[in-house]
**Student:** 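Sharing a structure with you now.
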There are 2 protein chains.
Amino acid sequence: MARRKVGNLMALAVLSVLVQRPMHPYEMASMLRARGKEADMGIKWGSLYTVVRNMEKHGLIEAVETVRQGARPERTIYRITDDGRAEMVDWVRELISVPERERTRFQAGLSVLAALAPDEVERLLRQRLALLEEETDDKRAAHERHSGEMPRLFLIENEYELALLDAELTWVRALLDELGAGTFAGIEVWRRFHETGELPAELAEMAERGSVKD
Amino acid sequence: MARRKVGNLMALAVLSVLVQRPMHPYEMASMLRARGKEADMGIKWGSLYTVVRNMEKHGLIEAVETVRQGARPERTIYRITDDGRAEMVDWVRELISVPERERTRFQAGLSVLAALAPDEVERLLRQRLALLEEETDDKRAAHERHSGEMPRLFLIENEYELALLDAELTWVRALLDELGAGTFAGIEVWRRFHETGELPAELAEMAERGSVKD
DNA sequence: ACCTCCTTACTCGTTGACGAGTATACGTCT
DNA sequence: AGACGTATACTCGTCAACGAGTAAGGAGGT
């Protein structure tokens, strides 16, 4: 974030549409929406004008003209600069070549899983599984529809997403199996802890030491 | 974020240590650091005091006492409230049961992959693969070391992370194979586009329509 | 002829995240 | 005994992100 002049990924999205032709912000939004980029990147439209203004300030884009249609608000049309083009390419290079650990909220949840009883966890995971399956089916269907009409290059991010979704599905199913069958190591201690309300001596000591994980 | 009184996941981390016993902020930080939670959740220490103040304001925690040791700055000791306990449990429930689409930066990169030439992509992916392998090996080693001394319940988030890392590794390797062998569908059009600098008619039209993806 | 609702096209204010800074105490190496 | 680093324990200012608000044009119904 310190390195990029404009850190928000929406800036990359903006660059990627302006590289085709100059546009005003609202049109960028429509383009991105039409292409489904809002789904691929985590785009919040509230940030659009802030980001565009910042990009102009840093010379990644520049205003070409401002036109007014009737009594509508003015529209400023922007075009990408050479700096902008360079920034885009360099940014993509980095995103592809440098893996960055990004924890999901699910992982955060898992890391405090002991706050819930095993039976409840089983129930919640089943809910997750159902939602996950639905989402995956939708995504896969959409992907198959599109792969008839578009080159694979433009759908590659969906392939990746589907691969990760599959991996999560598999993992959750496996965990559910173990919980259901009672083969999850330590499930008895875990269950008792939640029934009696107090945690067994071994765990208490571990919690206090805490530093086992270095 | 609107629903949670304090949206930052660091708040969950704070709750999870305060549930054991009252503590002052700096000690929370040490605890979390010692347990490796900073890795599991994406924790930035700059936010700690802001978050703690917010949590107090919203009644999730409350100050017990402020002590002073010698000439050191005052330390305020906080304890978790009943509301805090309830919030924690409810939060974990949500994190576990409701899958939330979170796009990675890599996915964002993939969605503008056309900005780079196929040969460069191949090179960059190989770099990614190497870093990814290194990271995975480290993580797996650490996990195996710990699984001797700690109950599985407290390592479950690492299992999940490793599963996702494996999935990414597999996917990247497969893509690299296709790029290397030249069997990636449309790679010729892609390569020519970068050699000549202009995109073929079919793609130009598609870019303009744009809306194929709805 | 009027009403209503959706789309177009932004503006603005709030909030919270976070980096960087600060200052003292303590241990330890020389 | 002095110096140097490291741990303790925060404070503050900035800045981007975003939700919610605004307001006119146009389409379609009655």
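Quick note: numbers below take in every heavy atom, side chains included, and nothing from hydrogens, waters or symmetry partners. Here is how names work: the chains are called A, B, and so on, in the same order as the sequence lines, proteins then strands, and each is numbered from 1.
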**Student:** For D83(A), enumerate each residue passing the salt bridge (charged side-chain N to carboxylate O under 4.0 Å, His left out) test, keeping only those at least two apart in sequence or located in another chain.
**Tutor:** none
**Student:** Using side chain to side chain contact (heavy atoms under 4.5 Å, CB included) as the criterion, list what pairs up with S97(B), not counting sequence neighbours.
**Tutor:**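 Once residues adjacent in sequence are excluded, the partners of S97(B) under the side chain to side chain contact (heavy atoms under 4.5 Å, CB included) criterion are L124(A), Q127(A).
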**Student:** Working to the nearest 0.5 Å, report the span between CD1 of I43(B) and CG of L48(B).
**Tutor:**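 I43(B) CD1 to L48(B) CG: 8.5 Å, rounded to 0.5 Å.
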**Student:** Nearest 0.5 Å please: distance from the CD1 atom of I96(A) over to the CZ atom of F106(B).
**Tutor:**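 Nearest 0.5 Å value for the CD1-CZ distance: 5.0 Å.
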**Student:** Using whole Å, report how far CD of E27(B) lies from C1' of dT8(D).
**Tutor:**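 About 12 Å, once rounded to whole Å.
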**Student:** With no hydrogens and no angle check, is any side-chain donor or acceptor of E62(A) less than 3.5 Å from a backbone partner on T81(A)?
**Tutor:**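 Judged by distance alone, no pair lies under 3.5 Å.
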**Student:** Taking only the side-chain nitrogens and oxygens of H24(A), find out if one of them lies under 4.0 Å from OP1 or OP2 of dC10(C).
**Tutor:** yes
**Student:** Whole Å only: how far is the CD1 atom of I77(A) from the P atom of dT8(C)?
**Tutor:** 16 Å
**Student:** Without decimals, in angstroms, what is the distance between K5(B) NZ and dT15(C) C1'?
**Tutor:** 18 Å
**Student:** Between atom CG in N54(B) and atom P in dA17(C), what is the gap in whole Å?
**Tutor:**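 Distance, rounded to whole Å: 7 Å.
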**Student:** Please give the angle, rounded to 10 degrees, between the axes at the start and the end of the helix from dA1(C)-dT30(D) to dT30(C)-dA1(D), where five pairs define each axis.
**Tutor:**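 Roughly 20°, once rounded to the nearest ten degrees.
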**Student:** Between atom CZ in R75(A) and atom P in dA24(D), what is the gap in whole Å?
**Tutor:**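 Taking atom P of dA24(D) as the reference, CZ of R75(A) is at 17 Å.
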**Student:** Heavy atoms from C-beta onward define the side chain here; which of dT8(C), dT8(D), dT11(D) lies closest to that of Y26(B)?
**Tutor:**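 Comparing dT8(C), dT8(D), dT11(D) against the side chain of Y26(B), the answer is dT8(D).
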**Student:** Holding to salt bridge (charged side-chain N to carboxylate O under 4.0 Å, His left out), I want the full list of residues that pass it with E56(B), two or more places apart in sequence or in another chain.
**Tutor:** none
**Student:** Check the interface with nucleotides 18-20 of chain D: list each N/O to N/O pair with the protein under 3.5 Å, or write none.
**Tutor:**
unit_1  : atom_1 : unit_2 : atom_2 : d
dC18(D) : OP2    : S47(A) : OG     : 3.1
dC18(D) : N4     : T50(A) : OG1    : 3.2
dG19(D) : O6     : G46(A) : O      : 3.4

**Student:** Could you say whether S30(B) or R53(B) is positioned toward the 5' end of DNA chain D, judged by the nucleotide with the nearest heavy atom to each?
**Tutor:** S30(B)
**Student:** Among pairs that include at least one residue of residues 86-98 of chain B, which meet salt bridge (Lys or Arg N to Asp or Glu O under 4.0 Å), considering only residues two or more places apart or in two chains?
**Tutor:**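 Matches after skipping sequence neighbours: E120(A)-R93(B), R3(B)-E94(B), R4(B)-E87(B), R4(B)-D90(B), R4(B)-E94(B).
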**Student:** Rounded to whole angstrom units, what separation is found between the OH atom of Y49(A) and the P atom of dC10(C)?
**Tutor:**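 Nearest whole value for this atom pair: 4 Å.
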**Student:** Name the residue from R126(B), R140(B), R173(B), K139(B) that meets the salt bridge (charged side-chain N to carboxylate O under 4.0 Å, His left out) definition with E133(B).
**Tutor:**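 Of R126(B), R140(B), R173(B), K139(B), salt bridge (charged side-chain N to carboxylate O under 4.0 Å, His left out) with E133(B) is met by R173(B) alone.
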**Student:** Of the non-hydrogen atoms in L116(A) and W190(A), which two are nearest, and what is the gap between them?
**Tutor:**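 It is O-NE1, 2.9 Å.
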